[in-house]
2 protein chains.
Amino acid sequence: MDQPSRSAGTVRPGGRTARVRAAVMEATQDELVEHGFHGLTMDQVAARAGVGKTTVYRRWGSRAGLVTDLMTELANQSTPHADTGGVEADLRANALSVLGAINDGRLGATFQAVIAAATSDEQAAGALRAFYLRRIAEWANVVDLAVKRGELPAGTDGAEVIRAISAPLYYRLVVTREPVTEQDAERSVARTLAAARAGAFVVEEP
Amino acid sequence: MDQPSRSAGTVRPGGRTARVRAAVMEATQDELVEHGFHGLTMDQVAARAGVGKTTVYRRWGSRAGLVTDLMTELANQSTPHADTGGVEADLRANALSVLGAINDGRLGATFQAVIAAATSDEQAAGALRAFYLRRIAEWANVVDLAVKRGELPAGTDGAEVIRAISAPLYYRLVVTREPVTEQDAERSVARTLAAARAGAFVVEEP
DNA sequence: TCCTTAATGGGATGACAGTTCCGTTAAAAT
DNA sequence: ATTTTAACGGAACTGTCATCCCATTAAGGA
């Protein structure tokens with residue numbers, strides 16, 4: 001009785017198992033770029049990866065399982081946050097990093113796929129939330145440091161500032177589906193910074 | 001040779017045709033609330049609407065076609081924007097309106113479904129973009145009026161202000177998938193307004 | 001009211017996604 | 001080198017979704 005077991009591949013993760021995993025992840029991204037989440041099928045992924053489809057079903061269970069794994073993998077490739085010594089430059093680095101991810105063919109397609117999957121799959125939703133909350137927490141440090149340096153008002157909520165930087169970019173990507181440009185990134189930084197300097201990100205209850 | 005024709009139902013739109021359409025739209029929303037876009041099937045929708053599935057295929061063609069029609073319908077139910085005479089109250093009205101839509105069971109499910117569909121269907125993407133660009137343009141007026149009253153700096157980009165109000169709310173809904181609260185709406189207004197007053201939404205080239 | 005035909009709906013058909021069975025391959029331990 | 005068994009993969013099977021055919025119903029015009 002082998003239902004899709006997430007434990008498959010944990011006892012003998014070397015050699016073949018690792019190669020299969022790599023091939024499937026690669027094929028999944030390729031399929032996402034070409035057909036989007038809606039057009040993703042286990043069958044196609046298996047064929048493209050040169051792997052038995054039984055294996056794909058056993059280890060990932062569903063399309064949502066595939067993109068969830070992909071997202072988890074991305075979460076572990078933590079890009080260390082910048083620390084240039086000035087908030088504005090740090091936040092610009094953050095915005096440009098997000099912009100780069102969104103506009104990168106493979107990464108962008110992956111994000112959109114997971115976002116789509118998360119609207120009706122709890123597992124995907126969890127992976128998505130975990131990924132972003134982690135990223136937000138990491139980058140919040142640059143804001144905290146800025147507060148310590150006196151660049152921003154005391155009590156400024158770092159995580160909220162980081163969210164505010166990304167929000168307009170994702171809004172364009174996912175909601176209004178307009179192209180997201182470097183200008184949008186710059187503007188987001190400028191506006192968020194203006195609000196932060198005015199104390200709009202200071203939390204009342206600590 | 002009748003491929004899914006969007007022209008079906010245009011010659012005799014009265015009586016039966018209208019009833020079928022209403023029943024199908026209703027059933028589609030119900031299914032979206034229960035199963036999300038991924039779990040939406042033409043078959044189920046037809047059964048739930050008490051309509052032949054041939055009809056659903058003929059008139060809507062695909063799941064994306066169903067949600068696209070739903071979105072187009074919402075676009076035509078234009079909620080007139082507020083005009084309380086003060087920017088802050090107007091923008092708060094906008095934020096709360098968005099919040100209400102997001103947190104409403106049926107509307108929220110519909111938005112998320114269309115967002116999911118739009119990641120891999122160009123038709124859905126177009127309907128989504130049209131819906132929001134129209135809403136943004138309508139609400140941009142309240143900002144333009146505020147500029148004329150001298151509440152905000154001359155040259156402030158109204159559409160961008162409106163986008164900035166919604167962005168954090170949708171970011172939470174779709175990307176980090178956190179609950180979206182009234183506090184989030186209030187904060188978005190306060191922050192956007194702070195940035196706007198500081199002139200961060202003034203466009204350089206008119 | 002009657003007529004034309006737009007539009008619907010039941011049911012048959014074909015394709016393909018998802019599942020299961022079981023033999024084969026190759027990690028990892030000895 | 002040998003053994004054990006985790007993990008893989010070919011192939012057959014099943015259910016559901018998308019499509020098509022054609023009879024039936026009823027909208028809209030005369």
Side-chain angles (χ1 to χ4, degrees), chain A residues 1-28 31-32 34-69 113 117 120-121 123, chain B residues 1-28 31-32 35-69 117 120-121 123:
Chain A
M1 203 173 304
D2 61 356
Q3 58 208 356
S5 62
R6 53 203 68 62
S7 66
T10 56
V11 178
R12 291 180 184 175
R16 184 170 60 171
T17 296
R19 277 194 302 279
V20 165
R21 187 184 136 82
V24 170
M25 291 291 98
E26 182 81 7
T28 300
E31 288 290 312
L32 285 179
E34 289 179 24
H35 311 296
F37 180 69
H38 174 236
L40 185 73
T41 75
M42 306 292 272
D43 236 329
Q44 289 289 323
V45 169
R48 186 162 201 155
V51 156
K53 74 170 172 172
T54 312
T55 300
V56 179
Y57 277 108
R58 183 166 37 225
R59 287 185 58 183
W60 289 277
S62 67
R63 305 183 302 150
L66 282 172
V67 297
T68 300
D69 197 9
S120 39
D121 182 278
Q123 194 191 6
Chain B
M1 208 170 300
D2 60 357
Q3 57 207 358
S5 62
R6 54 205 66 63
S7 65
T10 56
V11 177
R12 292 179 184 176
R16 182 168 62 169
T17 296
R19 278 194 302 278
V20 165
R21 187 184 135 82
V24 169
M25 291 290 98
E26 183 80 7
T28 299
E31 288 290 312
L32 285 179
H35 311 296
F37 180 68
H38 175 235
L40 185 74
T41 75
M42 306 290 274
D43 237 328
Q44 289 288 324
V45 168
R48 185 161 202 156
V51 154
K53 73 171 174 172
T54 311
T55 300
V56 180
Y57 278 108
R58 184 168 33 228
R59 288 185 56 184
W60 288 276
S62 67
R63 305 184 300 150
L66 282 172
V67 297
T68 299
D69 196 10
S120 39
D121 182 277
Q123 195 191 5

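Protein chains get the first letters and strands the later ones, always in sequence-line order, with residue 1 at the start of each. Only a predicted model underlies this, so the values are computations on that prediction, with no experimental measurement involved.
Look at CG on A/L66: it is 10 Å from P on C/dG18, rounded to the nearest Å. Per the geometry, CZ belonging to A/R58 stands 19 Å off P belonging to C/dA17, to the nearest Å. The separation between A/H38 atom NE2 and C/dA17 atom C1' is 13 Å, rounded to whole Å. Atoms CE (B/M42) and C1' (D/dT19) sit 11 Å apart, rounded to a whole Å.
Minimum heavy-atom separation, B/L40 to B/T28: CD1-O, 4.0 Å. Nearest heavy atom pair, residue A/A113 against residue A/V67, reads CB-CG1, 4.3 Å.
Contact check, A/Y57 against C/dT19: no side-chain N or O comes under 4.0 Å of OP1 or OP2. Dashed line: the shortest gap from a side-chain N or O of A/R59 to OP1 or OP2 of D/dC8 is under 4.0 Å. An OP1 or OP2 oxygen of D/dC17 is reached within less than 4.0 angstrom by no side-chain nitrogen or oxygen of B/R63. Contact annotation: B/T55 reaches the phosphate of C/dG9 (side-chain N/O to OP1 or OP2, under 4.0 Å).
Among the atoms of the strands shown, none is found under 4.0 Å from any heavy atom of B/R21. B/R19 comes within 4.0 angstrom of sugar-phosphate atoms only, judged by non-hydrogen atoms across all strands, and of no base. Counting any heavy atom pair closer than 4.0 Å across all strands shown, B/T54 reaches a base atom.
Ranking C/dT8, D/dG9, D/dC17 by closeness to the B/D43 side chain, first place goes to D/dC17.
Paired with A/D69 under the rule side-chain hydrogen bond (donor to acceptor under 3.5 Å, both in side chains), one option of A/R59, A/R21, A/Q123 passes, and it is A/R21.
With respect to the salt-bridge test (charged N to carboxylate O, under 4.0 angstrom), the residues B/R63 and B/E31 do not qualify.
Between A/L66 and A/M42 the shortest side-chain heavy-atom distance falls below 4.5 Å.
Remark: the A/R16 side chain and the D/dA7 base include a donor-acceptor N/O pair separated by less than 3.5 Å. The base of C/dG18 lies close enough to the side chain of A/K53 for a donor and an acceptor atom to sit less than 3.5 Å apart.
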